[in-house]
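A single structure is presented below for examination.
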Amino acid sequence: MGRTFIAPVSYGLGDLVVSLPAIQALIDSDQPVWLVARASSQRLLAERISGLAGVVEEAELTCGPGDRIVDLRDHPLQRDFWWGSAAFEAQFGRLNINDILERICVDFGIEADFSRPRPLRADPRSDLSSTVLLVHETDGAHKVWPARHWKAVDAMLRAEGHDTAMVLKTEGSSPAGIPGLVAPTPAVAVDVLSACQGVIGIDTGLTHIAVQQGTPTVTICRLNSVYIRPWTHSAALRGDACTDSCLDAETRYAYNERVSLRNFQPRPRVCPSSSPCLAATRPDDAVALLRELL
């Protein structure tokens, strides 16, 4: 029997998480399914995807007779548009990531279920049931929430009787003196994000994991982010419109026309306007949204 290789929509940890319905649907069809990891973080998370036959780095992918490659980037909806751009919304309206991937999966003949998340395998910690976790670390320097906002959120949550902690990769990088909880690998992050009472986080991989695990989650994101999944335990705190200089920088950054990301080294992406779109969001609104989910 040949193998099926499936590559997620891009190289980020969150890109793998939002691609899970397609991956899980192929696994359900009783084929040997291998994940094509586009970054080391994806390879590390693969151990928590139940039913995978294996994982291979994209740079090392070789196919034999009878093998099939499903590349979620190899579709006009992805190749021809940068998701969330004005051109994309003019053509399709404001789609979310589930809408986009459902259309791609239909064209690929994949019967994926986007109505609810299927959690990653987890070993939840028993000591976090009354803790709200905060996620501020991200590989995207353009996704920054001010330290004063995190400090305000922390104070409000504690005043309401919640324990709080900031999820960190390493010790010592928590803003505003908020207690840290170190989750050095994606697998450990799955365990803590599955066990906590709720999450408030930047639009990044760990926040997407929390949503996947069914944890009540508020995602702080740009106005045009498509990555919010519209489930009942998930809410978005959206910022203001981006500046013209930010949109111009994003257009220059876009790499949607690339299908293979083999040996791809993305350019550092920095907001030329210092992220005013996110700075305009209010800490009390983030806490209010989470309160509605709990």
Side-chain angles (χ1 to χ4, degrees), residues 8-9 12-28 35 41-42 44-52 96-102 105 110-138 153 157 160-167 181 183 185-221 225-238 286-294:
V9 292
L13 185 62
D15 296 306
L16 172 55
V17 175
V18 299
S19 301
L20 282 172
I23 297 167
Q24 291 164 335
L26 289 176
I27 291 171
D28 288 347
L35 174 70
S41 61
Q42 295 184 349
L44 292 170
L45 189 64
E47 66 181 78
R48 297 305 183 95
I49 303 174
S50 298
L52 272 183
N96 62 59
I97 189 63
N98 283 359
D99 298 327
I100 295 168
L101 281 171
E102 188 168 28
C105 285
I110 301 172
E111 297 182 2
D113 180 8
F114 291 91
S115 65
R116 55 183 175 81
R118 189 189 307 181
L120 296 155
R121 190 170 65 254
D123 183 16
R125 285 179 41 170
S126 60
D127 60 334
L128 296 174
S129 60
S130 64
T131 300
V132 175
L133 294 180
L134 310 177
V135 176
H136 87 292
E137 290 184 335
T138 174
V153 163
L157 290 171
E160 294 184 8
H162 303 286
D163 296 327
T164 61
M166 187 72 77
V167 182
L181 189 158
T185 67
V188 175
V190 169
D191 293 340
V192 300
L193 294 165
S194 302
C196 64
Q197 186 178 28
V199 170
I200 296 176
I202 287 293
D203 183 3
T204 193
L206 296 188
T207 307
H208 296 310
I209 287 175
V211 175
Q212 188 68 31
Q213 298 308 101
T215 302
T217 301
V218 175
T219 303
I220 303 159
C221 62
S225 173
V226 304
Y227 284 90
I228 307 304
R229 289 168 289 172
W231 293 320
T232 56
H233 62 283
S234 170
L237 178 59
R238 294 185 180 273
V287 173
L289 284 171
L290 182 63
R291 194 183 300 124
E292 293 175 5
L293 299 178
L294 295 178

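Note: hydrogens, waters and symmetry copies are ignored here, and every other heavy atom, side chains too, is used. Since the model is a prediction, treat every value here as computed from it, not as a measurement.
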- Gap between atom CD1 of Ile200 and atom NE2 of His136 - 0.5 Å precision: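 One gets 14.5 Å once the value is rounded to the nearest 0.5 Å.
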
- Are Phe114 and Asp99 close enough that some pair of their side-chain heavy atoms sits under 4.5 Å apart?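 Not touching, per the 4.5 Å side-chain cut-off.
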
Is a side-chain donor or acceptor of Asp191 paired with a backbone partner of Asp123 at a separation under 3.5 angstrom?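 Looks like yes, one N/O pair under 3.5 Å.
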
4.5 Å side-chain heavy-atom contact, Leu16 and Leu35
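Yes, close enough: below the 4.5 Å cut-off.
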
Between atom OG of Ser50 and atom CG of Asp28, what is the distance when rounded to the nearest 0.5 Å?
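Ser50 atom OG to Asp28 atom CG measures 10.5 Å (nearest 0.5 Å).
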
Practice item. For the pair Arg238 (side chain) and Cys221 (backbone), establish whether a donor and an acceptor sit closer than 3.5 Å, ignoring hydrogens and angles. Key: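 Between the backbone of Cys221 and the side chain of Arg238 there is no qualifying donor-acceptor contact (under 3.5 Å).
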
**Q.** Closest heavy-atom pair and its distance - Gly198, Leu290
**A.**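 Scanning both residues, the minimum pair turns out to be CA-CD1, 4.3 Å.
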
pair Leu293-His233: side-chain heavy atoms closer than 4.5 Å:
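Answer no - side chains too far apart.
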
Would you please say whether a donor-acceptor pair under 3.5 Å links the side chains of Thr219 and Asp203?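 Checked: Thr219/Asp203 side chains show no N/O donor-acceptor pair below 3.5 Å.
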
Contact check, side chains of Gln213 and Val199, non-hydrogen atoms, under 4.5 Å |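 No, side chains not in contact.
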
To the nearest 0.5 Å, what is the distance between CG (Leu120) and CG (Leu45)?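 Answer rounded to 0.5 Å: 5.5 Å.
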
Q: Show your working on side chain to side chain contact (heavy atoms under 4.5 Å, CB included) between Arg229 and Val17 and close with a plain yes or no.
A: CA-CA 11 Å; Arg229 289 168 289 172; Val17 175; 3.8 Å; yes

Discussion item. Determine whether a donor-acceptor pair (N or O, by modelled atom type, separation under 3.5 Å) exists between the side chain of Ser19 and the backbone of Asp15.
Written reply: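 Such a contact is found between Ser19 side chain and Asp15 backbone.
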
Take Thr131 and Val192, measure what side chain to side chain contact (heavy atoms under 4.5 Å, CB included) needs, and give me the verdict at the end.
CA-CA 10 Å; Thr131 300; Val192 300; over 6 Å; no

ask   = CZ of Arg116: more than 12 outside heavy atoms within 6.0 angstrom?
value =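 Not more than 12 within 6.0 Å, no.
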
- Message: Within the structure provided, determine whether Leu157 and Leu134 are in side-chain contact (heavy-atom separation under 4.5 Å).
- Response: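 Sidechains of Leu134 and Leu157: in contact.
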
Between Leu181 and Leu128, does the side chain to side chain contact (heavy atoms under 4.5 Å, CB included) criterion hold? Intermediate values first, please. CA-CA 11 Å; Leu181 189 158; Leu128 296 174; 3.7 Å; yes

| With a 4.5 Å limit on heavy-atom distance, are the side chains of Val211 and Pro117 in contact? |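 No, their side chains stay 4.5 Å or more apart.
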
*asked:* Side chains of Arg118 and Leu20, heavy atoms from C-beta outward: is any pair under 4.5 Å?
replied: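 They are not in contact (no side-chain heavy atoms under 4.5 Å apart), so the answer is no.
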
Taking every non-hydrogen atom, the tightest pair across Glu47 and Ala187
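Here Glu47 and Ala187 meet closest at OE2-CB, 3.8 Å.
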
Margin query: Closer than 3.5 angstrom, by distance alone: can the side chain of Ser115 be matched with the main-chain N or O of Asp113 as a donor-acceptor pair?
Written below: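 Not at all, since once roles are kept as given, no pair shorter than 3.5 Å links the two residues.
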
Can you tell me how far apart OH (Tyr227) and OG1 (Thr207) are? Round to the nearest 0.5 Å.
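Taking OH in Tyr227 and OG1 in Thr207, the distance rounds to 14.0 Å.
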
Report, as yes or no, whether the 6.0 Å neighbourhood of atom CD on Glu111 holds more than 12 heavy atoms from other residues, nucleotides or ligands.
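12 or below, so no.
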
Starting at CD1 of Ile110, measure out to CD of Glu102 and round the result to the nearest 0.5 Å.
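It comes to 12.0 Å.
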
- Check against side chain to side chain contact (heavy atoms under 4.5 Å, CB included), Leu133 and Val135: CA-CA 7 Å; Leu133 294 180; Val135 176; 5.5 Å; no

- For the residue pair Pro124 and Ser194, what are the closest heavy atoms and their distance?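 That would be CG-CB, 4.3 Å.
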
Gap separating the CG atom of Leu44 from the CG atom of Leu13, nearest 0.5 angstrom: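 One finds 9.0 Å between CG of Leu44 and CG of Leu13.
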
Is there side-chain contact between Leu294 and His162, with heavy atoms separated by less than 4.5 Å?
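The answer is yes; the side chains approach within 4.5 Å.
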
